[in-house]
Amino acid sequence: MSLTLDFISPAATPAADRVTLFADVILPLPLPRLYTYRVPYELNDNVVIGGRVIVQFGAKKTLSCIVAAVHEQAPKEYQAKYILEFIDDAPVVTQPQLKLFRWMADYYMCTIGEVINAALPSALKLSSESRIQLHPGFSREENEYPLSTQEELIVDALGTTEDGKALTFTEVGDLLGITSFHKVIKSLMHKDIIFLFEHTADKYAPKVVKKVRLAHHFISEASLEQLFEQLASKPKQLDVLMKYMQRVPVYQNEYANQHGIEKAALASSPHLSASAVNTLIKNGVLEQFDVIVSRFPLENEPTAQLHFSLTEAQTTARDEIMAHFGEKEIVLLHGVTGAGKTEIYIDLIRKALESGGQVLYLLPEIALTAQIVTRLIRVFGSRLGVYHSKFSDNERVEVWNGVLSGRFQVVVGVRSAVFLPFDNLSLIIVDEEHESSYKQYEPAPRYNAREVALMMANFQGAKTLLGSATPAVETYYQAKQGRYGLVSLSKRFGEAGMPDIELVDTRKARDQKTMHNHFTADLLGEVERTLGRQEQVILFQNRRGYAPVVACQDCGWIPKCTNCAVSLSYHKHSHELRCHYCGYHDSMVTKCPACGSRAVKTQGFGTEKIEDDLKIMLPQANIQRMDLDTTRAKNSYQQIIGDFEKQTTNVLVGTQMVTKGLDFANVSLVGIINADSIIHYPDFRAHERAYQMFVQVSGRAGRKGKKGKVIIQTADPTQVIFDKVIRNDYVEFYNYEIMQRQEHGYPPFMRVIKMTVKHMEQGLGEEAAIRLTQELVDRLGRAAVLGPEAPYIFRIRNFYLQEITIKLDRAHTVLKHAKQLIYDAMDVVKDQKEFKQARLVADVDPM
DNA sequence: AGCACGCCGACT
DNA sequence: GTCGGCGTGCTC
């Protein structure tokens, strides 16, 4: 047909010149390759690299995917399907991002689809599983937009706002009898008639704020005057109206009325009555409408350009960093806790912004608190984007689009913020760079945001500042080797000295019978004295729940998880036994099912028991607990922090959460209840982790000029690590640790890749692991492969685990080659019929 | 990741 | 005789 057209129309492009384009797309699936689709000729101009398109994949699935490349090579072995639709006319994924994603897939041994999946907020994914629902603020009667027949059809199918009925994209397509339904959905979204969500978040309810604005027929000056006259006898209503006019300059800017103001702001103002507001609404003077708002209290305008000056030490450090940046791409800022690193960061961010580049400021999850965000907003105002894991999907899209559009020049965020679509970064800050939470374990991509950040900076010509009080051994090594610039900040801000650290021997205390539950007399006494001085205490116990083990005193029976090889922890609050690995839970047993004895007792202790015991021993103190269990609800974390800040609570008992990013001026005592559980870990990083944890927790003691005290309870105070902690000498710790690493061939001298074989059947899992080990040894040599070995917890979620550790030379070429060999070995095992059920996982640079 | 195709056990 | 179990392989 088109051939005929070409013949009869001389003006048309000659057939020989007619370009047929093909697009290689990234599907959001764990597939190793890109897939090639054909671009409909009429839409050649619509293809955008980094834009989303909708394609048919397989027989049933309609997926949205990202265009990675456009070319003219028709696939030879198969007939390419057509792209069904183009969603974006501008990239949602930038070119530097695509490059980074490819690098991640390569380096972390996963597929690019897995990277894309982790990177894109699900609202940007638009799969056939995406659903639409009526916007809560929509009402058919008040709708002012004209609807097309198709739009009408969809709105009808969605029923009313109250039923909250949802349609999947596939259903929308069926309903309209067309495949290109996206235009309709986009239009409805634009008109705020519907909103979009993923099926995984089917309980998602957008946050809605009730707003009011002046009914549009009152906007003219004349009608307003008339209105004022009518209300002359109703002072309450007049007050409300005056207040509204004061807040919204309707005369100067008609458009301002469109946005209205929050109803709550009007109704709850002093001297204004809520009922007057309602009357005005009822009489049609004000109209009420709903707006979906960000859940994060982002202020739109900077409150004030906060001016603070750096101390002399901070200025020196800042200048040193700048000087290093002159010749080096990466600088490590090694600053003790409380040295005021944040001020330096802010200063550098400001400078980077002035030069016109973007800035990414990464923080570990537990350090990204409202405290730090508020502080940054005060300085950067609406240019600051915040990316937190507790954010809803819509909020993530908001930040994503904000970075794309240039609205957000600075983003402060957690691990996954490295996925945001930056294209002009000039500075990346990775605070607490040693934190293991920068590394993602499950699912793939198993990436370390610190390393990704470094690569991203490399691609975009940005500088990276790594900050920590206790740098990772690998990082400090790079600095010592001269690859990173090194700047040290050893003095605490505001002349506060480092806290005194005291070790208390729990074994001795137990022998002398001076233990009160899990407290030595020394710690308990110090807690009492501190509270007596009206000062606050933080107690650290790295285990949540009440007790990690429950046991029958008569026969030794212990309740175990049915899915994992762990004993169940007792949680007193819910009176349940819970598995911390898979979430399995059961009610607490009172009678031993093995022997019938009633003597079932708890063993060991977690945060909950510490809290409980302390409440009994110090009935007059206000004690609060902060761990995963008490902070699950969205605002509970803020609540707990707020109470402690206001000093409503005197003692805060918690897990790791209490170690990061919190500055409390009145805390003068920190207690580590059981240091031994932190030190004794079967892992080459155990000492490093323990050292970091002790130093970080200790850093919470004594700020703003007050010298604090730290008490560490341990059964063996002679352990070497304590010596380093007490002397507060990181370099000494590093020198000791780096020797160990070299001696035993661990990072930074060797690179580690950990293989995990998972199988539902123990025997087959072991066999598969042995076979994989063999294949690996054949390719990489005996010396490079350790294991297989069952990990301490050898079964999780019904899968038996076997681990193989591969150690490789650091050279990049070696690494690349080795990864190919590892893939080969994995393929051999997977092709074996008897191992079809085995899951093989590679974790590059495990932590 | 889905989903279809395909080959072996308990049922109307 | 069929319905359906989930093992295997493919998707441009």
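Throughout, a chain's letter reflects where its sequence line sits, starting with A, and its residues are numbered from 1.
The shortest distance between the side-chain N/O atoms of A:Y78 and the OP1/OP2 oxygens of C:dC12 is not below 4.0 Å.
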Could you pull out the protein-nucleic contacts involving nucleotides 4-9 of chain C (nitrogen or oxygen on both sides, under 3.5 Å)?
none

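Rounded to whole Å, atom C1' of C:dC12 lies 5 Å from atom OH of A:Y37. When rounded to the nearest whole Å, the span between CG of A:L21 and C1' of C:dC12 equals 16 Å. Across the protein-nucleic acid pair, A:L27 atom CG and B:dG2 atom C1' stand 12 Å apart, rounded to whole Å. The interatomic distance linking A:K81 (NZ) with C:dC10 (P) rounds to 15 Å, in whole Å. In this structure, A:Q73 atom CD and C:dC12 atom C1' are separated by 15 Å, rounded to whole Å. Summarising the geometry, the separation between CD1 on A:I112 and C1' on B:dA1 is reported as 17 Å, rounded to the nearest angstrom. Distance A:I54 CD1 to C:dC12 P: 16 Å, rounded to the nearest Å. The distance from atom CZ of A:R33 to atom P of C:dT11 is 8 Å, rounded to the nearest whole Å.
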Just distance, no hydrogens or angles: give the donor-acceptor pairs under 3.5 Å from side chains in residues 790-808 of chain A, sequence neighbours left out.
{"from": "A:R795", "atom 1": "NH1", "to": "A:T562", "atom 2": "O", "distance (Å)": "3.3"}
{"from": "A:R795", "atom 1": "NH1", "to": "A:N798", "atom 2": "OD1", "distance (Å)": "3.3"}
{"from": "A:R795", "atom 1": "NH2", "to": "A:T562", "atom 2": "O", "distance (Å)": "3.3"}
{"from": "A:R797", "atom 1": "NH2", "to": "A:Y581", "atom 2": "O", "distance (Å)": "3.3"}
{"from": "A:N798", "atom 1": "ND2", "to": "A:N563", "atom 2": "OD1", "distance (Å)": "3.2"}
{"from": "A:K807", "atom 1": "NZ", "to": "A:H744", "atom 2": "O", "distance (Å)": "2.8"}
{"from": "A:K807", "atom 1": "NZ", "to": "A:G745", "atom 2": "O", "distance (Å)": "3.2"}

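The side-chain heavy atoms of A:L63 and A:Q56, taken from C-beta on, include no pair separated by under 4.5 Å.
Residues satisfying the ring-ring contact (aromatic ring centres under 6.0 Å, His included) criterion with A:F57, sequence neighbours excluded, are A:Y35.
Under the 4.0 Å criterion applied to side-chain N and carboxylate O atoms, A:K816 and A:D106 are assigned as salt-bridge partners. By the 4.0 Å N-to-carboxylate-O rule, A:K758 lies close enough to A:E442 to be salt-bridged with it.
Residues A:P75 and A:T36 share a closest heavy-atom pair of CG-CG2, 3.9 Å.
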